[in-house]
2 protein chains.
Amino acid sequence: MTKGPGQTGTVVTMHSIASAAGVSPMTVSNTFRHPARVQEETRRRVMRIAAEMGYVPNHAAGNLASGHSRVIGAIIPSIKNSSFYKYVRGMQDTAAAQGYELILNLADTALHEQAAIQTFIGLRVAGIALVGDEHEPAAIDLLKKTAIPVVESWVQAGPIDMAVGHSTTAATKAILDVLLARGYRQIGFIGYEGAASRRFTERLPMYRSVLAQSGLSSDLVHLADETDGFGAGPKALDRLCRINPRIDAVICPTDIVAAGVLFECGRRGWRVPDRLAVAGWGDYEIASEITPGLTTIQPNTYEMGQQSVAMIIDRAIGKPNQGQIVDTGFRLIERAST
Amino acid sequence: MTKGPGQTGTVVTMHSIASAAGVSPMTVSNTFRHPARVQEETRRRVMRIAAEMGYVPNHAAGNLASGHSRVIGAIIPSIKNSSFYKYVRGMQDTAAAQGYELILNLADTALHEQAAIQTFIGLRVAGIALVGDEHEPAAIDLLKKTAIPVVESWVQAGPIDMAVGHSTTAATKAILDVLLARGYRQIGFIGYEGAASRRFTERLPMYRSVLAQSGLSSDLVHLADETDGFGAGPKALDRLCRINPRIDAVICPTDIVAAGVLFECGRRGWRVPDRLAVAGWGDYEIASEITPGLTTIQPNTYEMGQQSVAMIIDRAIGKPNQGQIVDTGFRLIERAST
DNA sequence: TCCATAAATTGTAGCGCTACAAAAGAATGA
DNA sequence: TCATTCTTTTGTAGCGCTACAATTTATGGA
């Protein structure tokens, strides 16, 4: 682009390739965008020369000229743990299979997310994938005005456009049913403080409702700091014990918090699940590796990623799927911790 | 961009804003790019109208017109664990402070990395940050031809342009010195199979050299599969025990593998560090949370991220820093596992 | 009042690419 | 041989924006 001092960097454009190959710029363009329109032999020659000269088509220019983009932007809240790994892989694989590219942005607050959304809109990406339904009002407004395809994942309804996820209430009920069936009666709940996303907030009412139906107390509740990782476990256990020292089970918002609880149990010499049963959420890798293995909810994150991108591409090619909602389900995985 | 069926989506351009505000398009452009050139009152009016109409400047067009980009691309190999979290935060913070934006791409093989590099070059980003020095020859070639600013991180020398990282050999020696000083004599080594990156390969020769100098055997070596997480720990311990059942210490390529070894020790009833001392690498969150705490190497990943982006921006604004190498150092953290 | 200077605003041209239409070549059948 | 059709290639125009130069407007002194 800019020739740095002492660099040979000539800017290679479609025009250079065309001259070198003895064809018109349009033939070069077609070689990349519509290979079928170009004769086999010509195409190969152009490709060879492009590779030799290190040419990469300028997306910015192509985007501008065509009004279309083959880049999809995804915003994820964290790379602190593995929960988004398969989700991103699902998005990448689906995008690649359709000739699209995925770029990411990391945003751990709604404000950062808003900045990331602006970046992506500025780049005129084909669509945006978000996690959760907790966004800045200004960002929601902007996305609606721009009318860019947006998918919110990990939720089953969102304020913007499309959504893909599983029912957190159903999953919460599934875990509690297992605990109740095994005879646990003093069941604690760990959630996240301040979280406005349905990804987390829908769990607590379900907890209260299920326990109430069984005539049990549902006040063993602690809300942890969302930025804590393993460390949230010990803190939460401490608080819950103060509310009721006879607590015999606890459900956690993530496997990381659950692992933190297990570590704390180890320090206290509590046997799991005899003294305390522990359930996690997410089926992170640590859930199967730690001893005892964690009972947890396995959301189909890879499929969620696939669906997100598929829905964006569908819209991009003209399918009228506004407001579409896809349920990717979940699976309860029972291990030794309950 | 494309008007989806049934959407109001008018495309808002700089021109629309200019008409609505009663100024020329250039004044709108200046309002965003060179605010000082525009009168306070005019600027505010333009900004207000732009916000009302949900206008976000089209980077693609701006990039094309100016030949400059304020977007930096970073490619990270994994989001499976926390090791890159602070690194990315360092990059983001530094970029934001300078008015740049960071976008990410996830690539866990050299081939995926090559695709990611192409995506970023296609977008004409201002610079690219890579992890390690293991890349596809074609990708290296392309980056050199393009003469785009590139920083390789976690290494102290790279085949492309600039580098920022710490000495893996010095860190390896530091760990081994601690183990030797504590009296461990049957020290095992876990590395990664097939890894060509200096990030991992420089450790083994140093291991052999340090042990040889102390007159100890250095054949307790196992190379793990790079795609394994915690699971690599148990496998590796198994193999090392077959080589020498009296193994009394082991150094691991990451804290995750080390945690896997700790989990396996728990299953076997081995006390750590009495029966086996375990050292990790990276100071992931789990290192301080697990019992016993892991002795590990803490690289200054946040600073590494800061430096990477700073070097790219320096180049972008014309500083001749080709081939620059920055050492961000490391710290040995001793905990109960050794 | 007029001229010099600074501040604010505005045309013009073109960045690299692609949609579209037009043109040139090749292939077919009568 | 010459229309007719299909395949392949090529101009033209313009996407939304910014560098740069040119112009208009305000400011201040003599």
Side-chain angles (χ1 to χ4, degrees), chain A residues 1-3 9-46 50 53-71 99 121-126 146 318, chain B residues 1-3 9-46 50 53-71 99 121-126 146 148:
Chain A
M1 196 114 296
T2 15
K3 282 200 278 184
T10 321
V11 183
V12 183
T13 69
M14 196 163 263
H15 192 85
S16 346
I17 307 298
S19 308
V23 295
S24 76
M26 264 320 296
T27 299
V28 180
S29 173
N30 284 330
T31 301
F32 284 94
R33 298 288 160 239
H34 308 280
R37 291 186 192 166
V38 181
Q39 208 178 5
E40 174 78 17
E41 192 204 320
T42 315
R43 188 171 60 219
R44 261 212 283 270
R45 182 155 41 94
V46 170
M53 299 179 71
Y55 173 69
V56 178
N58 185 335
H59 277 119
N63 183 344
L64 187 60
S66 69
H68 292 293
S69 170
R70 299 210 139 237
V71 177
I121 294 182
L123 253 16
R124 297 297 187 269
V125 295
T146 316
Chain B
M1 195 117 293
T2 12
K3 283 200 277 185
T10 321
V11 182
V12 184
T13 69
M14 195 162 264
H15 193 85
S16 345
I17 307 298
S19 308
V23 295
S24 76
M26 263 322 294
T27 299
V28 180
S29 174
N30 284 331
T31 301
F32 284 95
R33 298 290 159 237
H34 308 280
R37 292 185 192 167
V38 180
Q39 208 179 6
E40 173 77 17
E41 191 204 320
T42 314
R43 187 171 61 218
R44 261 213 283 271
R45 182 157 38 96
V46 170
M53 299 179 71
Y55 172 69
V56 177
N58 185 334
H59 276 119
N63 183 343
L64 187 59
S66 70
H68 293 292
S69 170
R70 298 212 138 235
V71 177
I121 294 182
L123 251 18
R124 297 297 187 270
V125 294
T146 315
I148 190 174

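Scope of the values below: all heavy atoms of this structure, side chains included, with no hydrogens, waters or symmetry mates. Just so it is clear, the model here is predicted, and its values are computed rather than measured. Numbers restart at 1 for each chain; the letters A, B, ... are given by sequence-line order, proteins then strands.
- Residue-to-nucleotide proximity on DNA chain C shows that, of B/S66 and B/R37, the 5′-proximal contact is made by B/R37.
- Rounded to an integer number of Å, the gap from CE of B/M14 to C1' of C/dG11 is 16 Å.
- Separating the CD atom of A/E40 from the P atom of D/dT9 is a distance of 11 Å, rounded to the nearest angstrom.
- The CG-C1' distance, from A/N63 to C/dC17, rounds to 10 Å in whole Å.
- Here the side chain of B/N58 is nearest to one of D/dC17, C/dT9, C/dC15, namely D/dC17.
- Annotation for A/A18 and A/P25: closest pair CB-N, 3.6 Å, computed over non-hydrogen atoms.
- Side-chain contact of A/T13 with A/S16: a donor-acceptor pair under 3.5 Å is present, judged by distance alone.
- Picking from C/dA8, D/dC15, D/dT18 the nucleotide with the shortest atom distance to the side chain of A/L64 gives D/dC15.
- In this entry the distance linking CZ of A/R124 with P of D/dC15 reads 14 Å, nearest Å.
- Here the CG-CD1 distance, from A/N58 to B/I121, works out to 11.5 Å after rounding to the nearest 0.5 Å.
- The phosphate of D/dT8 (OP1 or OP2) has no side-chain N or O of A/T42 nearer than 4.0 angstrom.
- Under the 4.0 Å criterion applied to side-chain N and carboxylate O atoms, B/R43 and B/E40 are assigned as salt-bridge partners.
- In this model, the phosphate group of C/dT9 is approached by a side-chain N or O of B/Q39 to a distance below 4.0 Å at OP1 or OP2.
- Here the NE2 atom belonging to A/H15 is positioned 10.5 Å from the OG atom belonging to A/S24, to the nearest 0.5 angstrom.
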Original post:
Are B/T27 and B/T42 close enough, and set up right, to give a side-chain contact (heavy atoms from CB on, under 4.5 Å), and what steps lead you there?
Top reply: CA-CA 9 Å; B/T27 299; B/T42 314; 3.9 Å; yes
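- Between B/Y55 and the phosphate of D/dC17, there is a side-chain N or O to OP1/OP2 separation shorter than 4.0 Å.
- Residues of residues 19-34 of chain B that place a heavy atom closer than 4.0 Å to DNA chain C, in numerical order, are B/V23, B/S24, B/M26, B/T27, B/N30.
- Atom pair B/E41:CD and D/dT25:C1' shows a separation of 14 Å (rounding to whole Å applied).
- Within the structure, every side-chain polar atom (N or O) of A/T13 is placed at least 4.0 Å from both OP1 and OP2 of C/dC15.
- Regarding B/R70, its CZ atom lies at a distance of 17 Å from the P atom of D/dC17, rounded to whole Å.
- For A/H59 and D/dG16, the NE2 to C1' distance is 18 Å, given to the nearest whole Å.
- In this structure, the side chains of B/R33 and B/S66 stay at 4.5 Å or more apart for every pair of heavy atoms.
- Look at NE2 on A/H68: it is 23 Å from P on C/dG16, rounded to the nearest Å.
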